[in-house]
Amino acid sequence: MPKRFVSIWFKYLLTDREAIRLKSLRELPVAFTEADHGRMLVMTMNALAEQSGIRPGITVADARVIAPGIQLFEHKPGRNIKLLKGLAEWCLRYTPLVMVDPPDGLLLDVTGCTHLKGGEAGFLKDLTGRLKGLGYTTRPGMADTIGCAWAVARCAESGLIVPPGAQRNALMPLPPASLRLGLDLLIKLRELGFYQVGSFIHLPKSVLKRRFGGNMVLRLYQALGQEAEFLLPLKEPVPYTERLALLEPIRTREVIENTVHGLIDTLCKRLYGEGLGLRSALLTYCRIDGKSGHLTIGTNHPSQRTDHLFKLFALQFDQIAPGLGIELFILDATKTEPASDKQNLLWNGKPGADSEEIAELLDNVGARVGKDHIHRYLPQEHHWPERAAGNTTDLAKSPESEWPEDKIRPVQLLEPPEPIEAMALTPDYAPRQFVYRHERHIIVQADGPERINHEWWIEDGGYRDYYVAEDEEGMRYWLFGTPNDLPGQTRRWFIHGYFP
Amino acid sequence: MTATKNEIITKLRADLLGWEGFRPVAPEERQSFGLGPIENAFPNQVFPTGALHEFISTRPEFTAAIGGFIAGIIQTLLEKGGVCVWVSYTRRIYPPALKRFGVNPDRIIFIDVAREKDVLWVTEEALKCGGIAAVICETRLLSFMESRRLQLAIEQSQVTGFILRKDVKQLNTTACTARWTVKPLRSKLRPGMPGVGYPRWQVDLLKVKNGQPGSWTLEWKNSAFQHPQTAAIQQPVSDRRYA
């Protein structure tokens with residue numbers, strides 16, 4: 001299938017943007033300036049300023065004389081790229097392959113897309129009409145090659161749609177500037193009297209190369225389609241994507257839900273057919289006013305179940321702001337993985353239980369409270385109590401070592417340990433009594449000490465002497481004292497947990 | 001005449017139990033939790049699984065005791081496989097300690113939500129999920145309506161739910177099957193032995209649907225619940241000795 005490209009030229013990109021921001025500027029000559037060798041030069045201007053005779057490169061003082069009411073703005077470098085990127089994203093509704101073409105254009109690969117808008121003419125009309133509605137003056141060009149589309153958009157008087165294979169005829173009457181050449185080459189061509197591409201297009205390749213260099217030949221042959229030229233898409237298209245353009249913009253929750261459900265269903269059927277499951281997805285919605293929004297979901301295991309994926313999206317539907325209405329939904333499967341029919345997770349032993357159900361539960365919970373709030377602990381070979389359990393997010397991972405059973409640990413652990421006032425009669429004995437939160441506990445029985453040293457290869461610090469202490473009422477506590485055998489240090493006491 | 005009357009009443013009672021979510025348990029399915037006489041307090045003399053149990057705690061020490069007691073029960077529930085979900089917004093449970101109560105801590109998924117109001121939402125979602133052995137929910141507030149919602153979710157999925165209510169200021173009516181308190185008691189070793197003995201609790205069943213509330217002393221010893229024979233707690237030896 002022959003490729004079709006559209007080049008869009010935003011002739012007054014910066015000034016149009018300024019006029020969108022400030023409506024009053026529409027009736028005034030506007031120009032953007034930039035400093036060059038200590039002078040302020042006009043860089044770009046709007047149609048009104050152009051009509052009064054202002055051209056890029058004249059000084060600001062001259063511009064003020066030519067058009068007294070001119071509004072001048074300073075150009076910030078990179079602003080045009082930023083604007084173009086925004087517009088390129090907007091254009092994703094027409095085709096998934098859009099490229100920013102600095103300084104003032106976009107390139108679209110519209111192969112196989114035009115019939116959606118009623119043919120090529122209808123496509124361009126819709127595109128320019130919508131951009132006009134946003135406030136941008138544009139000129140499009142459509143051709144088989146990027147170079148030809150570019151040339152037609154910028155230089156042709158008419159015939160903006162070049163029929164397939166007719167690049168040579170289309171380029172003939174155009175000036176050499178339409179070939180994306182450097183200024184020095186253009187001057188050279190002008191001096192030689194080549195005012196049209198047609199005057200040198202028939203010259204042999206070797207002659208052109210000798211006289212004007214390889215770059216010119218490359219550009220010419222790219223425009224003709226004899227050299228390959230590739231488009232670097234703004235967004236890498238994902239292999240699994242579904243889009244749904246709506247004839248009538250929708251805005252009620254019910255309709256949005258039905259639409260999204262349908263989209264997910266189509267995608268799931270496709271994934272199912274290829275034995276894949278979805279791990280993460282991105283739902284993009286485009287509103288009729290040009291704004292768009294995203295919802296993302298992630299799952300714990302590859303899923304092809306429409307209902308489950310829909311539920312994950314449904315948890316976020318409150319974030320959709322339909323405004324005046326949504327006209328396009330795009331669902332991208334940003335990450336897919338092979339899905340096996342039976343998921344065998346670690347704990348799948350209960351009769352009738354399926355671990356998929358648990359994974360789906362965790363997806364739902366993760367979507368509502370955040371994935372980082374779900375913990376699972378595996379034993380770590382550390383004796384420092386705070387490090388004995390390692391947090392993992394992997395639900396299928398099994399412990400590498402056994403949970404230690406020989407050490408008695410409290411069911412409730414205070415994190416961090418809290419200081420207590422304790423009184424011990426003899427240095428290495430458990431305290432006789434302690435005060436914690438204004439409550440006095442008389443200890444009647446105690447076990448200990450269990451001396452736990454800091455793991456010096458991780459952290460420095462003194463040891464802790466742990467005691468299991470039981471008070472008169474039968475409450476059991478885990479207390480520890482800091483070192484008391486170091487010079488200049490008195491033992492401090494902490495409570496670290498409660499035993500059952 | 002009285003015989004038939006009694007028969008009718010017995011049958012009606014049995015029907016009522018069914019309507020209230022108690023399934024009659026087949027003898028081969030009967031699962032003992034090792035609770036001994038406590039199990040006799042329940043209808044059909046079996047600890048109700050697929051029901052909502054409410055535990056009341058007023059002190060962190062009680063919470064620890066309840067944690068141990070629940071862990072002892074879910075040990076049996078996990079024997080058939082599956083996982084537990086522990087939902088909390090201020091969790092202090094120390095996973096490695098559960099091993100002592102026969103529960104492998106890696107079989108528990110802890111969901112630590114940031115806001116209290118999400119706790120019940122997550123609990124309800126988890127209770128709807130049939131692949132889960134038990135759901136433990138640490139919360140402070142539980143209104144009657146919320147407990148009804150949880151109970152309805154359970155009736156579909158037959159998951160056992162444990163609601164651990166911390167810092168309860170005032171008790172309210174809930175739709176839970178049983179309401180418990182567990183308080184630590186003075187542990188006891190053989191006379192004359194120093195040190196702290198096995199965990200010992202006073203388990204109070206404050207309320208139970210169609211059952212007999214009661215109070216028991218329970219000890220956790222050799223990975224099982226034990227009923228100590230002597231009720232009286234021996235006074236400590238006069239000259240306090242420490243290990």
Side-chain angles (χ1 to χ4, degrees), chain A residues 346-358 360-362 364-365 368-370 373-379 385 388-389 395 397-399 403-405 407-415 429-430 432 443-448 467-470 472-477 497-500, chain B residues 59-61 63-69 71 80-83 85 92-101 104-115 118 121-122 125-126 128-133 182-187 189 194-197 199-202 220 233 236 240 242-243:
Chain A
L346 169 72
W347 46 67
N348 197 2
K350 189 173 175 182
D354 72 28
S355 56
E356 203 170 320
E357 218 176 341
I358 295 165
E360 287 181 2
L361 164 77
L362 295 180
N364 288 342
V365 172
R368 163 100 179 219
V369 301
H373 290 297
I374 300 174
H375 304 288
R376 199 175 148 243
Y377 295 93
L378 292 178
L395 298 169
K397 208 167 160 187
S398 54
W403 289 97
E405 251 179 301
K407 302 208 177 72
I408 292 178
R409 292 284 176 263
V411 164
Q412 297 265 313
L413 190 79
L414 293 171
E415 190 63 60
Y429 273 32
R432 279 291 290 277
I443 294 170
V444 290
Q445 297 179 98
D447 273 339
Y467 295 89
V468 182
E470 187 177 270
E472 282 180 324
E473 291 163 39
M475 318 275 188
R476 287 171 278 273
Y477 303 94
Y498 301 99
F499 284 98
Chain B
R59 296 176 58 107
E61 293 89 338
T63 312
I66 293 168
F69 182 72
K80 285 190 195 164
V83 280
V85 175
R92 278 183 179 166
I93 199 96
Y94 183 54
L98 299 176
K99 181 70 191 172
R100 194 181 173 200
F101 295 91
N104 266 332
D106 52 273
R107 296 272 294 276
I108 299 182
I109 298 167
F110 293 95
I111 301 174
D112 302 315
V113 301
R115 291 172 301 173
D118 282 337
W121 183 87
V122 175
E125 287 292 310
K128 281 181 194 162
C129 179
I132 284 174
V182 182
K183 291 174 186 160
L185 284 181
R186 286 277 302 280
S187 65
L189 287 172
V196 181
R200 182 180 281 215
W201 309 303
Q202 185 194 334
W220 182 264
I233 295 162
R240 290 183 184 117
Y242 307 115

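Only this structure's heavy atoms are used, side chains among them; waters, hydrogens and symmetry mates stay out. Owing to the predicted nature of the structure, the values given are computational and were not obtained by experimental measurement. We name chains A, B, ... by the order of the sequence lines, and we start the count at 1 in each one.
Shortest non-hydrogen contact noted between A:Trp403 and B:Asp106 is NE1-OD1, 2.6 Å. Minimum heavy-atom separation, A:Pro410 to B:Ala97: O-CB, 3.0 Å. Among all heavy-atom pairs drawn from A:Arg476 and B:Arg186, the shortest one is NH1-C, 4.2 Å.
Of the options A:Val365, A:Asn364, A:Leu361, a side-chain contact (heavy atoms from CB on, under 4.5 Å) to B:Val122 is made by A:Val365 and by none of the others.
Chain A forms the most heavy-atom pairs under 4.5 Å with one residue out of B:Pro184, B:Ala126, B:Gly68, B:Gly197, and that residue is B:Pro184. Among A:Val411, A:Leu378, A:Ile408, the residue making the largest number of heavy-atom pairs under 4.5 Å with chain B is A:Val411. Between chain A and the residues B:Gln202, B:Arg100, B:Glu61, the largest count of heavy-atom pairs under 4.5 Å involves B:Glu61. For the options B:Pro95, B:Ala65, B:Gly67, B:Pro105, heavy-atom pairs under 4.5 Å to chain A are most numerous at B:Pro105. For the set A:Lys407, A:Arg368, A:Glu473, the count of heavy-atom pairs under 4.5 angstrom toward chain B peaks at A:Arg368. When the candidates B:Arg59, B:Lys183, B:Arg115, B:Lys128 are compared by the number of heavy-atom contacts under 4.5 Å with chain A, B:Arg59 comes out ahead.
The backbone N or O of A:Gly497 lies less than 3.5 Å from no partner atom in the side chain of B:Tyr94, so there is not a single donor-acceptor pair.
For a residue to count as touching a neighbouring chain, one of its non-hydrogen atoms must lie under 4.5 Å from one of that chain's; by this rule B:Phe101 touches chain A with the side chain only. When heavy atoms are compared at a cutoff of 4.5 Å, A:Ile374 approaches chain B by way of both its backbone and its side chain. Neither the backbone nor the side chain of B:Trp220 comes within less than 4.5 Å of any heavy atom in chain A. With a 4.5 Å cut-off on non-hydrogen atoms, B:Ile108 touches chain A through its backbone but not through its side chain. Using a 4.5 Å cut-off between heavy atoms, A:Pro404 contacts chain B through its backbone alone, with no side-chain atom that close.
The CG atom of B:Leu185 lies 9.0 Å from the CD atom of A:Glu470; values are rounded to the nearest 0.5 Å. Rounding to the nearest 0.5 Å gives a distance of 11.5 Å between CG of B:Leu98 and OH of A:Tyr377.
Side-chain atoms of B:Thr63 and A:Gln412 form no donor-acceptor pair, as typed in the model, at a separation below 3.5 Å.
Counting only heavy atoms from C-beta outward, the side chains of B:Trp201 and A:Pro500 approach each other to under 4.5 Å. Counting only heavy atoms from C-beta outward, the side chains of A:His373 and B:Asp118 never approach each other to under 4.5 Å.
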Quick one, A:Ile358 with B:Ile109, criterion side chain to side chain contact (heavy atoms under 4.5 Å, CB included). Give me CA distance, side-chain angles, the key distance, then yes/no. CA-CA 10 Å; A:Ile358 295 165; B:Ile109 298 167; 4.2 Å; yes

